[in-house]
Colleague: 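Pasting a structure here, questions to come.
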Amino acid sequence: MLKIMKRNLKKFLRSSVVQIILSFLGYVYIYFVYRTSRWTYKNRHIIEDYLKAHKPFIICFWHGRLMMLPLAWQWKKSFKMLLSEHGDGAFIAKILKYFKIGFVPGSSTRGGTKALLELIHAAKEGTIIGITPDGPRGPSQKVSAGTIALSKWTQADLIPVTYSVRHRRHLKTWDHFLIPLPFSKGCFAIDDPIPYPKNEDNFTKIAEALEQSLNRITTKADEWVS
């Protein structure tokens, strides 16, 4: 009986009407947290300098720090995120539409080649790409080879971005997903850019540098809001 109830609940939650309602509620909650909290933006000039110089770059952030990131993008430049075609990715895509952020369906394990080609095309047209290097299923805080390959093929530097809030909860999921609470102190933070690899011999080195940078800036963001 319990298995049947769980199966029916999942089916109910995945229905198109319910997904539309839940995605709108998700958008409202994210915006409510943003409006009721005090925010600072660390190293905002890094992105602005890249935009002024018309240099391509890829925004990178851990999957567990995804929720408030749509509001970290505060420029008029077109922005798209790489998201899984199913499950959480499809739901997140619905929320992103409210923030006027596009998405490219695919991941390192499903639809990867098609997604890579679409991202390369988007980058050449001047669209800024956002990606979770440890998504969509982990391992947590480990940079995938696909992220570095995308950087090479688009010749776009990697810019680590994160956020934190003082009042928060972490879900018991593989990525320890952070749920921000309203009426808090928040921070968006950017770390120094990591140059794209010129050849595949540098893939491991670049991946390690990105991983260390994201962990470092995330730790700092947690400290800044404490």
Side-chain angles (χ1 to χ4, degrees), residues 23 26-53 55-83 88-89 92-93 95-103 127-135 140-141 143 147 151 156-171 173 175-194 209-226:
S23 62
Y27 158 73
V28 170
Y29 182 79
I30 292 171
Y31 196 72
F32 180 69
V33 170
Y34 182 76
R35 295 296 296 177
T36 60
S37 301
R38 294 178 290 110
W39 293 87
T40 56
Y41 212 132
K42 304 290 185 178
N43 299 327
R44 180 188 177 106
H45 68 277
I46 291 176
I47 289 180
E48 292 179 344
D49 289 346
Y50 265 74
L51 291 174
K52 289 178 182 178
K55 291 179 62 178
F57 61 93
I58 298 172
I59 297 292
C60 301
F61 43 91
W62 291 139
H63 196 276
R65 300 288 173 131
L66 172 62
M67 190 164 181
M68 297 301 297
L69 262 297
L71 286 165
W73 186 253
Q74 299 178 359
W75 295 270
K76 294 182 180 180
K77 191 79 169 178
S78 176
F79 185 76
K80 286 186 177 182
M81 284 178 54
L82 175 65
L83 296 172
D88 294 342
I92 293 170
I95 296 178
L96 291 179
K97 287 183 179 180
Y98 291 106
F99 293 101
K100 297 181 179 180
I101 293 177
F103 80 102
T127 297
I128 306 303
I129 304 302
I131 190 170
T132 54
D134 60 344
S140 177
Q141 298 182 346
V143 174
T147 299
S151 176
D157 294 342
L158 300 161
I159 298 184
V161 179
T162 193
Y163 88 94
S164 187
V165 291
R166 176 179 293 175
H167 305 307
R168 59 185 185 265
R169 297 289 184 271
H170 288 275
L171 299 181
T173 53
D175 57 353
H176 306 291
F177 195 83
L178 188 153
I179 300 294
L181 302 179
F183 306 102
S184 188
K185 177 183 178 182
C187 171
F188 296 116
I190 303 171
D191 206 8
D192 293 331
I194 299 171
L210 177 59
E211 191 174 302
Q212 292 171 4
S213 177
L214 279 170
N215 287 334
R216 179 174 61 250
I217 196 66
T218 298
T219 298
K220 285 184 177 181
D222 289 342
E223 294 173 353
W224 284 327
V225 299
S226 62

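Keep in mind that what you see is a predicted model, and the values were worked out from it rather than measured.
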Colleague: Roughly how far, to the nearest 0.5 Å, is the CD1 atom of Ile159 from the CD1 atom of Ile59?
Modeller: 5.0 Å
Colleague: For residues Pro180 and Tyr29, report the shortest heavy-atom separation together with the two atoms involved.
Modeller: O-OH, 2.7 Å
Colleague: Kindly compute the distance separating CG (Asp175) from OG1 (Thr132), expressed to the nearest 0.5 Å.
Modeller: 9.0 Å
Colleague: So which atom in Val225 and which in Gly186 form the shortest heavy-atom distance, rounded to 0.1 Å?
Modeller: CG1-C, 3.9 Å
Colleague: For the side chain of Ser37 and the backbone of Val33, is there at least one donor-acceptor N/O pair under 3.5 Å apart?
Modeller: yes
Colleague: Quick one: do Glu48 and Arg44 make a salt bridge, cutoff under 4.0 Å?
Modeller: yes
Colleague: I want to check something: taking the side chain as every heavy atom from C-beta on, are Ser213 and Asp192 in contact at a cut-off of under 4.5 Å?
Modeller: no
Colleague: Do Leu178 and Tyr163 have side chains that approach each other closer than 4.5 Å (heavy atoms only, starting at C-beta)?
Modeller: yes
Colleague: Quick one: does any side-chain atom of Ser184 pair with a main-chain N or O of His167 as donor and acceptor, under 3.5 Å?
Modeller: yes
Colleague: So Leu71 and Met68, side chain to side chain contact (heavy atoms under 4.5 Å, CB included) or not? Walk me through it.
Modeller: CA-CA 6 Å; Leu71 286 165; Met68 297 301 297; 3.9 Å; yes
Colleague: From Arg169 CZ over to Leu181 CG, what is the distance, rounded to the nearest 0.5 angstrom?
Modeller: 5.0 Å
Colleague: With the side chain counted from C-beta on, respond yes when Ile190 and Ile47 share a heavy-atom pair under 4.5 Å apart, and no when they do not.
Modeller: yes
Colleague: Checking Ile128 against Lys80 for the side chain to side chain contact (heavy atoms under 4.5 Å, CB included) test, could you report, in this order, the C-alpha distance in whole Å, the side-chain angles of both residues, the deciding distance, and whether it holds?
Modeller: CA-CA 6 Å; Ile128 306 303; Lys80 286 186 177 182; over 6 Å; no
Colleague: Side chains of Leu69 and Val161: closer than 4.5 Å at any heavy-atom pair?
Modeller: yes
Colleague: Are side-chain heavy atoms of Phe188 and Lys42 found at a separation under 4.5 Å?
Modeller: no
Colleague: Determine whether Met81 and Ile129 make a side-chain contact, defined as any pair of heavy atoms from C-beta on separated by less than 4.5 Å.
Modeller: no
Colleague: Side chains of Thr162 and Thr218: is there a donor and an acceptor less than 3.5 Å apart?
Modeller: yes
Colleague: Of all residues at least two apart in sequence or in a different chain, which pass the salt bridge (charged side-chain N to carboxylate O under 4.0 Å, His left out) check with Asp134?
Modeller: none
Colleague: Are the charged groups of Arg65 and Asp222 less than 4.0 angstrom apart, N to O?
Modeller: yes
Colleague: Is the side chain of Trp75 donor-acceptor paired with the backbone N or O of Phe79 at a distance under 3.5 Å, no angle test?
Modeller: no
Colleague: Is there a side-chain contact between Asp191 and Leu214 in this structure, where contact means two heavy atoms from C-beta onward sitting under 4.5 Å apart?
Modeller: no
Colleague: Under the criterion side chain to side chain contact (heavy atoms under 4.5 Å, CB included), I'd like the reasoning laid out for Ile101 against Ile95: C-alpha separation, chi angles, the key distance, then a yes or no.
Modeller: CA-CA 9 Å; Ile101 293 177; Ile95 296 178; over 6 Å; no
Colleague: Roughly how far apart are Asn215 CG and Trp62 CH2, rounded to 0.5 Å?
Modeller: 5.5 Å
Colleague: Can you name the side-chain contact (heavy atoms from CB on, under 4.5 Å) partners of Phe183, sequence neighbours left out?
Modeller: Phe32, Thr36
Colleague: May I ask you to test the Trp224-Thr40 pair for a side-chain heavy-atom distance under 4.5 Å?
Modeller: no
Colleague: Could you walk me through whether Tyr41 and Cys187 pass side chain to side chain contact (heavy atoms under 4.5 Å, CB included), step by step?
Modeller: CA-CA 6 Å; Tyr41 212 132; Cys187 171; over 6 Å; no
Colleague: Going from CG on Leu158 to CG on Leu210, what distance comes out if it is rounded to the nearest 0.5 angstrom?
Modeller: 5.5 Å
Colleague: Can you measure from NZ (Lys185) to OG (Ser164) and round to the nearest 0.5 angstrom?
Modeller: 10.5 Å
Colleague: Considering residues at least two apart in sequence or located in another chain, which fulfil the ring-ring contact (aromatic ring centres under 6.0 Å, His included) criterion with Tyr50?
Modeller: Phe57
